[in-house]
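Input: a single structure, listed below in structure tokens.
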Amino acid sequence: MGAGVRLIVRGAKTLSERTMEHKTCTSLRIVENRPLGGGAQYLLSLENPGWGAGGKTWRPGQFVMLRPVSWGLELTWARPFSIAQVDEGGLRLVIRPAGRGTDRIAGLAPGDEVFLWGPLGTSFVTEPETPTLLLAGGVGLAPFWGYAARHPAPANLRLVLGHTIDLAAFPLDPFAPLAGAGRLHTFHQRTMADLDAFIALLERHIADHGRAANGLVLACGPGPFLRTVRRLCDAAGARCQVSLENRMACGIGACLGCVARDAAGRNVQSCTRGPVFWTRDLAEEF
Amino acid sequence: MDLSVSFGGLTLKNPVLTASGTFGYGLEFTPYGDLARLGGFVVKGISLLPREGNPMPRIAETPCGMLNAIGLQNVGAEVFLRDKLPRLPWRETAVVVNLYACSAEEFGDLAGLFAGEEGVAALEVNVSCPNVREGGAAFGADPAQIAAVTAAVKRRAGDKPVIVKLSPNVTDIVAAGRAAMDGGADILSAINTLTGMAVDVRTRRPRLANVVGGLSGPAVKPVGLRCVWQLASALPLPVIGIGGIASAEDALEYVLVGAHAVQAGTANFSRPDFAFRLVDDIAALAAELGLDSLDACRGGLRT
């Protein structure tokens, strides 16, 4: 598929999806908060926020802002989380305790009330017929749950998860079909010395989705991971989208605290212009 | 009850404004409430030319507040007038433009661009920026420069009320307010952020790339109340209270110490429907307190 055709398809999709977009800003209760891997991460389930008919008006890659009511005045900001899935169990988020806010969110119990707004931001592109490589760095796995579940041709998906904490801390059940087909690959980075091996693994998989294959690479994870993926994709001629994890205060484009540098050298909000960007639209050091 | 307020040439349907830099250009908040329900909103500080702002990281959460060093990233006056203002419900709510410049002349030129704009209700002058012509010290720290900047804006503002937003980073805020009055200000707003910093002990780095930034949020409310009380007690100009407003009680505290209206700021980040709810909550609290209008309690602090 040529670049022109791709742009038309993207544009049409964006237009139709925008018309059905339905953001809410509401109080929700926790349904379940399940520790994974002994509490290294948590699978947080909330009441369904009712984003339009059937809850289908969110798109994988989008995120929500979540702030427990119990925070009062003490912690100022809500915290951003990728939407992992919305299903009969409610809105699913994966929480990695990594600071004051996420530590407390990990401690929420069923019945606790949070304030939540979303769905926010841009989403990963879906090209059913394109060989698509999903690259997750740690908790960056979350958006690929919904992505894989919705993909019309999952046989075209391959997932690589790089992790530093125990694999048991990741919700892998939703990826069972991929695992069963031998298209789920995990890499445990125990020390910095493992990094080269992980990068080599990424390089091999990206090569399969490069220029010759006209593949697609979608990545979510920490900044250094995303910049490495981008570099490897550029080298392989692979088209690539990355989901940025910048710190943000508002999630709606107002605070300008989460900006990334775009290809024209301008600062753009990663909450509204992203979090998912085509790497070609970002500066080398986004 | 009637929540409307009228002061310094500005009439608002209720006393709730939003603070510059915390409400984007207003449009960002339309999914979460009806802008027309607000008394008004102050848009992100606008400069003559677009600015890319400071390097990242730009924000840090602190106890009961946050630090920011965004660096006045904005689209510039031309793009604001062409792309943003026409989309705002300015017939139904007051759109206040916050002006940012680095010299008195530039401030005057900027004011001139908005003087004839029907959709602009008032101009708010941000005197917290460094004056590049005077060695980089903030305008807001020097009464003579506050007066000069205010006069430069007032001369070019046409019939738009001029609000001067005062910095709390001074020894005597009344002297700053008096200087603005002498320069021709119609209204004072206080406070801007307090200069502060945050440090990461593990990396030994400041949490902001700019090292220092502006502290806002509930942590600064006591300072804001004190400043507004001092200004309203000493000067005949109306004051808009700003600083850490997170509830209707907070807003009425500012009215009690003398404010005619308030600006909600950081709380807009804690939940995007905050300002819209604040309008309802103030009405409910005023009713509970048996107030017929805000005029009935303004400056009613019992000391």
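For A:Arg230, the CZ atom counts as densely surrounded, since its 6.0 Å shell holds more than 12 non-hydrogen atoms of other residues, nucleotides or ligands. With a 6.0 Å radius and a threshold of 12 heavy atoms from other residues, nucleotides or ligands, B:Arg205 has its CZ atom at or below the threshold. Atom CZ of A:Arg100 has more than 12 neighbouring heavy atoms from other residues, nucleotides or ligands inside a 6.0 Å radius. Within 6.0 Å of CD in B:Glu78 there are 12 or fewer heavy atoms belonging to other residues, nucleotides or ligands. By the 6.0 Å contact criterion, CH2 on B:Trp90 is enclosed, its count of non-hydrogen atoms from other residues, nucleotides or ligands being greater than 12.
For chain B, the nearby parts of A:Arg247 are the backbone and the side chain; heavy atoms of each come within less than 4.5 Å. Contact annotation for B:Ser270: both backbone and side-chain heavy atoms come within less than 4.5 Å of a heavy atom of chain A. Only the side chain of B:Pro218 has a heavy atom closer than 4.5 Å to any heavy atom of chain A. In this structure, chain A has no heavy atom under 4.5 Å from any part of B:Ser247. For a residue to count as touching a neighbouring chain, one of its non-hydrogen atoms must lie under 4.5 Å from one of that chain's; by this rule B:Pro50 does not touch chain A. With a threshold of 4.5 angstrom between heavy atoms, A:Trp117 approaches chain B through side-chain atoms but not through N, CA, C or O. Contact annotation for B:Tyr32: only side-chain heavy atoms (C-beta onward) come within less than 4.5 Å of a heavy atom of chain A. Only the backbone of A:Thr24 has a heavy atom closer than 4.5 Å to any heavy atom of chain B. Contacts between A:Met248 and chain B at a heavy-atom distance below 4.5 Å involve the backbone alone (N, CA, C, O). Using a 4.5 Å cut-off between heavy atoms, B:Asp273 touches chain A through backbone and side chain atoms alike.
The two atoms that bring A:Trp77 and B:Ala60 nearest to each other are CH2-C, 3.4 Å, heavy atoms only. Residues A:Leu75 and B:Glu61 come closest through the heavy atom pair C-OE2, 3.6 Å. When every heavy atom of B:Thr62 is checked against every heavy atom of A:Thr76, the shortest pair comes out as O-OG1, 4.0 Å. In plain terms, the two heavy atoms of A:Cys255 and B:Ile70 that are nearest each other are O-CD1, 3.3 Å.
Per-residue counts of heavy-atom pairs under 4.5 Å with chain A were compared for B:Ala219, B:Pro272, B:Gly65, B:Gly244; the largest is that of B:Pro272. The choice from A:Gly253, A:Gly265, A:Ala249 that makes the most heavy-atom pairs within less than 4.5 Å of chain B is A:Ala249.
Of the inter-residue distances, the one linking A:Cys250 atom SG with B:Phe29 atom CZ reads 6.0 Å to the nearest 0.5 angstrom. Of the inter-residue distances, the one linking B:Phe269 atom CZ with A:Arg67 atom CZ reads 13.0 Å to the nearest 0.5 angstrom.
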Starting from the C-alpha separation in whole Å, work towards a yes-or-no answer on side chain to side chain contact (heavy atoms under 4.5 Å, CB included) for A:Asn267 and B:Arg58. CA-CA 12 Å; A:Asn267 287 324; B:Arg58 294 170 161 194; 3.1 Å; yes
Could you walk me through whether A:Thr272 and B:Glu28 pass side chain to side chain contact (heavy atoms under 4.5 Å, CB included), step by step? CA-CA 9 Å; A:Thr272 52; B:Glu28 294 84 348; over 6 Å; no
